[in-house]
Amino acid sequence: MPELPEIEAYRGLAQRALGRRIDAATFGDPRFARGEVSGPRLVRLLRGATLRTVRRHGKLLVFDLDAPPGGPAAGHRLGLRFGMTGSLLVDGEAALARLVFASDRPTTAWDRFVLRFSDGGTLVVRDPRLLGGVELDPDEAALGPDALDITAAQLRHALETSAVAVKTRLMDQRKVAGIGNLIADEVLWRASLAPQRRSSSLTTPDQRRLHHHLRATLDDLLQRGGAHLGDLMPARHPGGRCPRDGTELRHSTVGGRSSWWCPRHQR
DNA sequence: ATTGTGGCCTGCCCGC
DNA sequence: TGCGGGCAGGCCACAA
């Protein structure tokens, strides 16, 4: 499922779409248009525009739009979210060979948003479950520091100011952007912290360890190519044992999300 | 303001 | 073999 590493791969792929004139934008499903601006208006606005730059902020992909002087798209941004099952294709090519938990059945039935370029190529958001979406001018300021370059001080601030479970805090995109359920479990497992620990109860060494493992985990997963390639992942099922010490993992809901952790070494 | 809960959405998998 | 229910979780609306 798309978390930070997947969206980072999408960003790389999206570079190929930059500078190409959009002949037509279409929604395969009207529900995929999110935010204030309606799908039809978005479609009108995008016609004739180009994607000038692309960046990733957490799990959000943002394009700066270019348009003819006075064109409706001038100065606007296009935001893409991928939910749990969304993938990006440019000119029919995917960034990742296979998205875990998403079907890889070859079909265009789930093409929820399509940009057709004047050179004949396309940019497609394919999302079976419709949990992603397209939004004009997404509120980037509402997102916390990106998990990939959050500083120790920023993380400490995010943690100290709340009594919710540390896992919930890590997954709160307004506090730290880019961490989803799988990466949260992986990072906490590596940092030896129980997911339900109160965020504000972390000691300075806890915070330091968490910051270190957050960065190290993301580096590993970026290199491996997906959020599902963590060390804990193979054990994340009933009866699964901690890859570090062999203890049977515990399972419960933390912050509304299915969570797996080792009762021996995560405290 | 902060925190918790449920719904959206559909594919997949299990048990009957 | 088909079917129903449970589950997956990013994000958002809403309630307390």
Side-chain angles (χ1 to χ4, degrees), chain A residues 1-8 10 27-37 39 56-62 79-88 98-113 125-144 146-147 157-188 195-201 221 226-228 230 232-240 251-261:
Chain A
M1 58 208 68
E3 295 188 35
L4 188 149
E6 284 80 6
I7 312 301
E8 186 62 18
Y10 296 173
F27 281 92
D29 189 303
R31 292 169 295 180
F32 212 60
R34 308 297 172 103
E36 307 286 319
V37 177
R56 180 191 58 76
H57 193 153
K59 300 176 224 177
L60 176 69
L61 206 60
V62 185
L80 303 183
R81 295 183 192 275
F82 297 89
M84 179 188 167
T85 54
S87 57
L88 183 73
R98 185 174 190 286
L99 195 59
V100 170
F101 283 13
S103 170
D104 48 6
R105 190 194 307 168
T107 178
T108 57
W110 302 315
D111 290 358
R112 311 301 189 181
F113 179 70
V125 179
R126 183 171 290 175
D127 183 4
R129 238 177 260 180
L130 285 168
L131 291 170
V134 177
E135 185 177 6
L136 191 71
D137 297 331
D139 186 2
E140 293 177 77
L143 295 170
D146 190 84
H157 177 74
L159 296 169
E160 282 177 348
T161 49
S162 170
V164 295
V166 60
K167 176 173 176 178
T168 303
R169 200 64 170 171
L170 282 178
M171 291 177 61
D172 186 337
Q173 303 301 303
R174 296 165 302 178
K175 305 302 172 186
V176 182
I179 302 178
N181 198 40
L182 294 183
I183 293 182
D185 273 5
E186 176 79 16
V187 169
L188 291 168
Q196 66 273 32
R197 259 285 288 280
R198 300 294 104 185
S199 177
S200 53
S201 79
L221 296 178
H228 60 288
L232 179 66
M233 190 67 187
R236 224 172 154 278
H237 60 83
H251 178 234
S252 68
T253 299
V254 178
R257 295 291 166 252
S258 180
S259 305
W260 299 85
W261 83 98

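What you see below is based on every heavy atom in this structure, not just the backbone, and it leaves out hydrogens, waters and symmetry mates. Per chain, numbering begins at 1; letters A, B, ... match sequence-line order. Here the structure is a predicted model, which means the values were calculated and not measured.
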Report task. List the atom of A/Pro2, the atom of A/Thr85, and the distance in Å for their closest heavy-atom pair. Result -> CD-N, 4.1 Å
Report task. Check the distance between C/dC12's C1' and A/Lys59's NZ and give it to me in whole angstrom. Result -> 13 Å
Query raised in the report: When the distance from CG of A/Asp127 to C1' of B/dG11 is rounded to whole Å, what number comes out?
Result: 12 Å
Query raised in the report: Quantified as the angle between the terminal helix axes (five pairs each), what is the overall bend of the helix from B/dT2-C/dA16 to B/dC16-C/dG2 to 10 degrees?
Result: 40°
Report task. Round to a whole Å and report the spacing from CG of A/Asp139 to C1' of C/dC12. Result -> 14 Å
Query raised in the report: Taking the side chain of A/Arg129 as its heavy atoms from C-beta onward, which of B/dG4, B/dT3, C/dA8 lies nearest to it?
Result: C/dA8
Requested in this report: Could you walk me through whether A/Gln173 and A/His57 pass side chain to side chain contact (heavy atoms under 4.5 Å, CB included), step by step?
Outcome: CA-CA 10 Å; A/Gln173 303 301 303; A/His57 193 153; over 6 Å; no
Query - Aromatic contact, A/Phe27 with A/Phe113 (centres under 6.0 Å) - result: yes
Requested in this report: Please work out if A/Arg81 contacts a base, only the sugar-phosphate, or nothing of the nucleic acid, heavy-atom cut-off 4.0 Å.
Outcome: sugar-phosphate
Requested in this report: For A/Ser162 and for A/Arg112, find the nucleotide of DNA chain B with the closest heavy atom, then tell me which residue's nucleotide is more 5'.
Outcome: A/Ser162
Report task. Using atom CG of A/Asn181 as one end and atom C1' of C/dC11 as the other, report the distance to the nearest whole Å. Result -> 13 Å
Query raised in the report: Could you give all pairs that pass the salt bridge (Lys or Arg N to Asp or Glu O under 4.0 Å) test and reach residues 157-169 of chain A, with sequence neighbours left out?
Result: A/Lys167-A/Asp185
Requested in this report: Give a yes/no on whether any side-chain N or O of A/Trp110 is located under 4.0 angstrom from OP1 or OP2 of B/dC9.
Outcome: no
Query - Whole-Å gap separating C1' (C/dC12) and CD (A/Glu135) - result: 11 Å
Query raised in the report: Between the side chains of A/His251 and A/Ser258, is a donor N or O closer than 3.5 angstrom to an acceptor N or O?
Result: yes
Query raised in the report: Under the 3.5 angstrom rule, does the side chain of A/Ser199 hit a backbone N or O of A/Ala165 as a donor-acceptor pair?
Result: no
Query raised in the report: Taking side chain as C-beta onward, heavy atoms only, is A/Ile179 less than 4.5 Å from A/Val187?
Result: no
Query raised in the report: Listed by chain and number, what are the salt bridge (charged side-chain N to carboxylate O under 4.0 Å, His left out) partners of A/Glu8, not counting sequence neighbours?
Result: A/Arg11, A/Arg56
Report task. Residues of residues 164-177 of chain A with any non-hydrogen atom less than 4.0 angstrom from an atom of DNA chain B: list those, numerically ordered, please. Result -> A/Val164, A/Arg169
Query raised in the report: Side chain of A/Arg112, backbone of A/Gly132: donor and acceptor closer than 3.5 Å?
Result: no
Report task. Answer whether the closest heavy-atom distance between the side chains of A/Arg236 and A/Asn181 falls below 4.5 Å. Result -> yes
Query raised in the report: Between B/dC8 atom C1' and A/Leu130 atom CG, what is the distance in whole Å?
Result: 9 Å
Report task. Sequence neighbours left out, what passes salt bridge (charged side-chain N to carboxylate O under 4.0 Å, His left out) with A/Glu186? Give chain and number order. Result -> A/Arg190
Report task. Send over the distance from A/Glu3 CD to C/dG10 C1', rounded to a whole Å. Result -> 9 Å
**Report entry** Contact list for DNA chain C against residues 253-261 of chain A - heavy-atom distance below 4.0 Å
**Finding:** A/Arg257, A/Ser258
**Report entry** Whole-Å gap separating P (C/dA8) and CG (A/Asp185)
**Finding:** 11 Å
Query raised in the report: Is the phosphate of B/dT10, meaning OP1 or OP2, less than 4.0 Å from a side-chain N or O of A/Arg31?
Result: yes
**Report entry** Contact check, side chains of A/Arg174 and A/Leu143, non-hydrogen atoms, under 4.5 Å
**Finding:** no
